[in-house]
Amino acid sequence: VSAATTTGWTPNAVFSNTNAVVTERRRRPANGDHGVGSGWSTSTEALTIKNRGTSNWNGVLARVLTRQHVRAVYQPIVRLIGHHVTGYEALARPANVADDGSVDEFFRTARQEGVIRDLDWLCRRAALDGARGMAPGAFLSLNLNPDALQDADADAEALLQLLEAADRPAATVVGEVVRPPSVVDVAALMRLLAPYRQRGARLAIAGVDVSEEPFLLASAEQPDFIKLSRPAVAALEEPAARAFAERCAERAARGGPVPIAEGIELESMARLVVASGIQLGQGYLLGRPAAMDREGRLQAALAPGEAPA
């Protein structure tokens, strides 16, 4: 560990010099390899893209990693009866990408280039920085990178350092993850996620539909939230999907995980969600992803290339 890391270290150093601290203090792989190929490097200047190719996302990714040009937008999670905002999901956007634009290819490129962890860390920092004005009673949902679950204890500890630097209690944060195909069931996923819960964060499993129900029921350890996928919500007119949503709501009433319906884009969809007994929802009808001002208000969504005010 360098002298810069062993002397004068404070939580603020984690926040302002993220990559160096992560590499040298919290995230060094067991084999000692902390180069770009492992997803970690000792400084932002050392970050490079291995295969630039012809994709525009390669150039965007290089600029984001070397200049840290990534911002956070927030989509509200709303109590459908009363329209009270209970939380926000933080979403990352590189420069010149609309607030509500798709970045799937951007993150796919980062994974292919072996720098997904570096990008993930920058996104977390941006999410916490941009949410400083968020209402105290709301929770902040941060997407967990499935790759980080390979070393979840180190990742959870590093996240805790960022939370301390941002002066955000872990209890106000929800770690959100989609079950990776390599994880056979919810019980196994909850074991992987245990370090985050042990440090005070709550947990959400996203992308849930009726096919996940047997896995949920078989697990003694349950998440705090389950997020019903967009297709599951869009199918609520069908008896099987509606019955699944109703069972989720019933389990929540008995102390089980609280369901959140994703992808609500029409009033008719919102009515079906409410009729199923699910109380929380998220989607364009309820609020598009947008930046948050210092008072905790969401700003108007930006178009591609438009600079924040």
Side-chain angles (χ1 to χ4, degrees), residues 75 77-80 86-91 102 104 107-108 111 120 139-150 152 155-156 173-198 201-266 269-270 272-284 286:
Q75 187 168 31
I77 297 169
V78 178
R79 190 168 297 279
L80 296 169
T86 62
Y88 297 88
E89 180 182 355
L91 303 165
S102 174
D104 290 347
F107 283 94
R108 190 175 298 114
R111 184 166 284 105
D120 185 53
F139 64 82
L140 178 64
S141 183
L142 300 175
N143 287 282
L144 300 178
N145 171 19
D147 295 346
L149 299 184
Q150 299 169 9
D155 188 64
V173 170
V174 175
E176 178 177 330
V177 67
V178 175
R179 182 173 67 88
S182 58
V183 179
V184 295
D185 55 33
V186 171
L189 179 58
M190 293 306 299
R191 287 194 293 272
L192 288 173
L193 293 171
Y196 301 94
R197 179 170 274 175
Q198 291 165 0
R202 289 180 285 176
L203 299 172
I205 298 179
V208 173
D209 58 24
V210 69
S211 67
E212 293 279 352
E213 189 171 24
F215 300 121
L216 285 166
L217 294 175
S219 175
E221 190 75 14
Q222 293 285 303
D224 301 278
F225 300 90
I226 55 172
K227 300 187 78 171
L228 274 66
S229 68
R230 293 172 184 269
V233 174
L236 282 179
E237 290 184 338
E238 301 174 6
R242 183 168 61 250
F244 169 64
E246 291 171 351
R247 290 193 296 271
C248 290
E250 291 167 0
R251 283 194 289 271
R254 298 194 301 267
V258 175
I260 302 171
E262 292 192 287
I264 299 177
E265 300 181 357
L266 303 171
M269 296 173 69
L272 288 169
V273 171
V274 171
S276 75
I278 292 177
Q279 300 182 22
L280 300 183
Q282 180 180 354
Y284 281 6
L286 307 171

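Here the structure is a predicted model, which is why all the values come from computation and not from measurement. Residues take their numbers from the sequence shown, with the count starting at 1. Computed over heavy atoms, backbone and side chain alike; hydrogens, waters and symmetry mates excluded.
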Validation row: [X], [Y] side chains within 4.5 angstrom (heavy atoms):
X	Y	value
Q279	V258	no
R79	L280	yes
P231	D209	no
P180	L189	yes
V208	F225	no
V174	D224	no
Q222	R251	no
V186	E212	yes

Heavy-atom pair of closest approach, residues [X] and [Y]:
X	Y	value
A241	A235	CB-O, 3.2 Å
L228	A245	CD2-CB, 4.2 Å
I226	P223	CG2-CG, 3.8 Å
L144	V177	O-CG2, 3.9 Å
A152	P195	O-CB, 3.9 Å
Q75	G283	NE2-C, 3.5 Å

| message | Quick check against the 3.5 Å criterion: does R230 have a side-chain atom that pairs as donor or acceptor with the backbone of E262? | response | no
Without swapping roles, check the side chain of S276 against the backbone of R242 for a donor-acceptor pair under 3.5 Å. no
Answer yes or no: are there more than 12 heavy-atom neighbours, outside R247 itself, under 6.0 Å from its atom CZ? yes
Side chain to side chain contact (heavy atoms under 4.5 Å, CB included), that's the test. Do N143 and D120 meet it? Break it down for me. CA-CA 9 Å; N143 287 282; D120 185 53; over 6 Å; no
Looking at [atom1] of [X] and [atom2] of [Y], how far apart are the two atoms once the value is rounded to the nearest 0.5 Å?
X	Y	atom1	atom2	result
T86	L80	OG1	CG	9.5 Å
M190	L216	CE	CG	10.0 Å
L266	Y284	CG	OH	13.0 Å
I264	Q282	CD1	CD	9.0 Å
S141	I260	OG	CD1	7.0 Å

*asked:* The test is side chain to side chain contact (heavy atoms under 4.5 Å, CB included); show your working for E221 and L193 and say whether it passes.
replied: CA-CA 11 Å; E221 190 75 14; L193 293 171; over 6 Å; no
Practice task
For the pair N145 and F107, evaluate side chain to side chain contact (heavy atoms under 4.5 Å, CB included) and give the outcome as yes or no after the intermediate values.
Solution key: CA-CA 10 Å; N145 171 19; F107 283 94; over 6 Å; no
Give the intermediate values and the outcome of side chain to side chain contact (heavy atoms under 4.5 Å, CB included) for residues E213 and V210. CA-CA 5 Å; E213 189 171 24; V210 69; 4.0 Å; yes
Exercise for review: Examine the side chains of Q150 and D155 and answer whether a donor and an acceptor come within less than 3.5 Å of each other.
Suggested key: no
